[in-house]
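FYI, side chains are in, hydrogens and waters are out, and symmetry mates aren't considered; it's all heavy atoms of this structure. Numbers restart at 1 for each chain; the letters A, B, ... are given by sequence-line order, proteins then strands.
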2 protein chains.
Amino acid sequence: MLKEERQQTILRVVELHNRILLTDIAETLDVSIDTIRRDVKELDADNKLKKVHGGAISLGFTTNSVKNKNIYKLEQKTIIAEKAAALLKDGSVIFVDGGTTCNELARLIPNNLDLTCFTHSIPVAMELLTKSNVTVILIGGQVSKESQISIGANAIHNLSEIKVDYSFIGTGYVDSYYGLTEFDWDIVQVKKAIIKCSKKTVLLSISEKLNSQHRYKSCDINAINTMITELEPENELLNSFRNHDIRIL
Amino acid sequence: MLKEERQQTILRVVELHNRILLTDIAETLDVSIDTIRRDVKELDADNKLKKVHGGAISLGFTTNSVKNKNIYKLEQKTIIAEKAAALLKDGSVIFVDGGTTCNELARLIPNNLDLTCFTHSIPVAMELLTKSNVTVILIGGQVSKESQISIGANAIHNLSEIKVDYSFIGTGYVDSYYGLTEFDWDIVQVKKAIIKCSKKTVLLSISEKLNSQHRYKSCDINAINTMITELEPENELLNSFRNHDIRIL
DNA sequence: TTTTATTTTGCCGTTTTATGCAATTTTTAT
DNA sequence: ATAAAAATTGCATAAAACGGCAAAATAAAA
């Protein structure tokens with residue numbers, strides 16, 4: 001095998017998998033580890049990839065796409081947030097809930113989009129402040145340490161005085177029969193208020209939460225207009241939600 | 001798993017969750033806690049995140065501005081914040097303004113102090129959330145992009161319904177004759193509301209701002225009960241403030 | 001084709017890096 | 001004040017990187 005084609009192969013593999021181990025490549029291509037090491041060194045010098053201890057990673061890898069394990073459900077949440085962000089239009093007035101998925105949504109909102117965003121989540125607010133065309137309006141109230149959102153009577157009262165086009169909410173648990181449920185009573189009260197102040201409610205939920213329930217109920221499943229998961233809409237896990245009037249993305 | 005991709009993963013998790021526990025990461029990625037600790041240490045050294053006891057937090061979430069250019073002024077602000085923190089007593093109900101000095105105050109509040117803190121500043125709120133014995137109450141309203149605080153009619157109205165023992169405020173400019181002044185009209189309205197809802201008002205100001213003024217006035221110098229600067233109380237720069245009824249620290 | 005020069009490759013010993021373990025100190029919470 | 005959790009330190013092991021060298025492969029020249 002020629003040196004040139006070997007290097008091309010290495011590059012292809014790196015691009016495909018984002019990462020490789022030198023030992024793996026050496027075994028696959030049946031050359032010594034030293035040779036591979038030299039190859040990778042050259043490719044690195046040519047800025048074709050990044051050499052690291054024990055292997056190499058693709059240059060684009062730094063930005064995104066950890067295709068490996070679903071560590072912390074990163075991939076799912078990003079997929080969901082992307083789908084949700086696609087719903088946004090110039091001039092929309094929306095509410096963004098707290099939670100990691102909604103955080104991701106806030107992060108993925110395009111910078112050039114004109115929006116008015118209400119939120120009771122501190123991290124979301126922080127994220128939205130970086131978007132130059134987004135007007136951020138904070139819902140005040142007592143702040144929950146765990147979830148980092150305003151809760152309590154004051155927050156609920158503030159919510160009662162607004163009306164938004166869309167609200168994007170998360171939930172602890174969701175089930176087609178039991179609806180949206182939570183572990184925490186206070187959170188439920190706020191969710192109710194959010195849903196009440198929204199013309200349309202969009203639920204962002206990773207598939208893991210589907211068909212699970214807990215003690216306190218935020219709303220019936222019918223209160224949700226659109227449900228977004230990381231799954232393909234045809235996935236059978238979503239079957240039980242189909243006979244409700246819900247758009248599934 | 002390559003060290004590099006492990007670190008990338010850690011970074012992504014931190015960015016999404018804002019805060020993580022080292023033990024969680026270690027378990028998820030299936031390496032020893034020592035390794036994770038070393039990774040986080042490196043990432044911190046590279047200014048990719050902030051390492052804290054037991055975990056790590058994202059830079060966007062750290063309000064005390066590691067990225068602050070002006071180290072010197074930061075030190076001044078720390079001195080001021082330390083003096084201010086010394087005033088706090090168990091059970092106090094206080095308001096904390098926005099701005100870097102007040103951020104620093106929030107950061108320096110002892111963890112064991114029982115406090116109820118109102119604030120309209122997102123960075124301050126974030127900082128306060130890390131204090132287990134502090135109840136944080138957020139003042140809602142439209143959020144100013146530059147100063148990251150709630151302003152406008154709603155914020156002012158919310159302030160009108162509370163009364164706190166102490167408010168700790170910053171200002172753009174301060175002068176013994178012209179009082180506290182600002183460049184921004186909206187900010188002034190909020191400052192007025194803050195002062196109105198406080199039994200005692202404590203001004204935190206670096207000496208650089210002394211004897212300067214601008215277009216819009218927040219209040220007379222007499223409205224301030226205590227003024228804290230990084231200077232020694234005897235400093236002659238403070239002379240013009242002495243014939244007012246102000247405690248100078 | 002044969003010879004010569006150049007490049008490539010594999011091997012080896014040394015040095016560096018990464019990682020986990022255990023003992024100790026520091027920090028935090030109760 | 002005490003107990004628990006986390007950080008630090010030093011150390012041992014294993015894997016990986018490095019540099020030199022000689023054999024092998026390739027290219028160039030006679």
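Following rounding to the nearest Å, E27(B) (CD) and dA6(D) (P) show an atom-to-atom distance of 12 Å. Rounding to whole angstrom units, NZ of residue K3(B) and P of dG20(C) are separated by 12 Å. Between E4(A) atom CD and dA25(D) atom C1' there is a gap of 17 Å when expressed in whole angstrom units. A straight line from CG of D24(A) to P of dA15(D) spans 14 Å, rounded to a whole angstrom. Rounded to an integer number of Å, the gap from NE2 of H53(B) to P of dA29(C) is 8 Å. Nucleotide dT17(C) holds its P atom 22 Å from the CE atom of M1(B), rounded to whole Å. Whole-Å rounding puts the K131(B) NZ to dA29(C) C1' distance at 15 Å. One can place CG of L29(A) at 17 Å from P of dT8(C), the figure rounded to the nearest angstrom.
As judged by a 4.0 angstrom heavy-atom cut-off over every strand, T23(A) is placed among residues touching the sugar-phosphate backbone only.
I57(B) is not listed as a side-chain neighbour of V14(B), based on a closest heavy-atom distance of 4.5 Å or more.
A salt bridge does not link E15(B) with R12(B): none of the charged nitrogens is closer than 4.0 Å to a carboxylate oxygen. In summary, K50(B) and D44(B) do not engage in a salt bridge, as defined by a charged side-chain N under 4.0 Å from a carboxylate O. Taking the charged nitrogens against the carboxylate oxygens, D97(A) and K191(A) do have a contact shorter than 4.0 Å, which makes a salt bridge.
In this model, no donor atom of one side chain and acceptor atom of the other lie less than 3.5 Å apart for S121(A) and Q148(A). No side-chain N or O of Q142(B) forms a donor-acceptor pair with one of S150(B) less than 3.5 Å apart.
Tested against D39(B) for a salt bridge (charged side-chain N to carboxylate O under 4.0 Å, His left out), the candidates K3(B), R6(B), K51(B) yield a single pass: R6(B).
A donor-acceptor distance shorter than 3.5 angstrom exists from the side chain of T119(A) to the backbone of V96(A), with no hydrogens or angles considered.
Annotation: K145(A), atom NZ; neighbour count of heavy atoms from other residues, nucleotides and ligands within 6.0 Å is above 12.
For DNA chain C, the neighbouring residues in residues 33-44 of chain B, judged by any heavy atom under 4.0 Å, are D34(B), T35(B), R38(B).
Side-chain N/O atoms of K51(A) include one lying less than 4.0 angstrom from OP1 or OP2 on dA17(D).
Across its full length, the helix from dT1(C)-dA30(D) to dT30(C)-dA1(D) shows an angle of 40° between the axes of its 5 terminal pairs at either end, rounded to 10 degrees.
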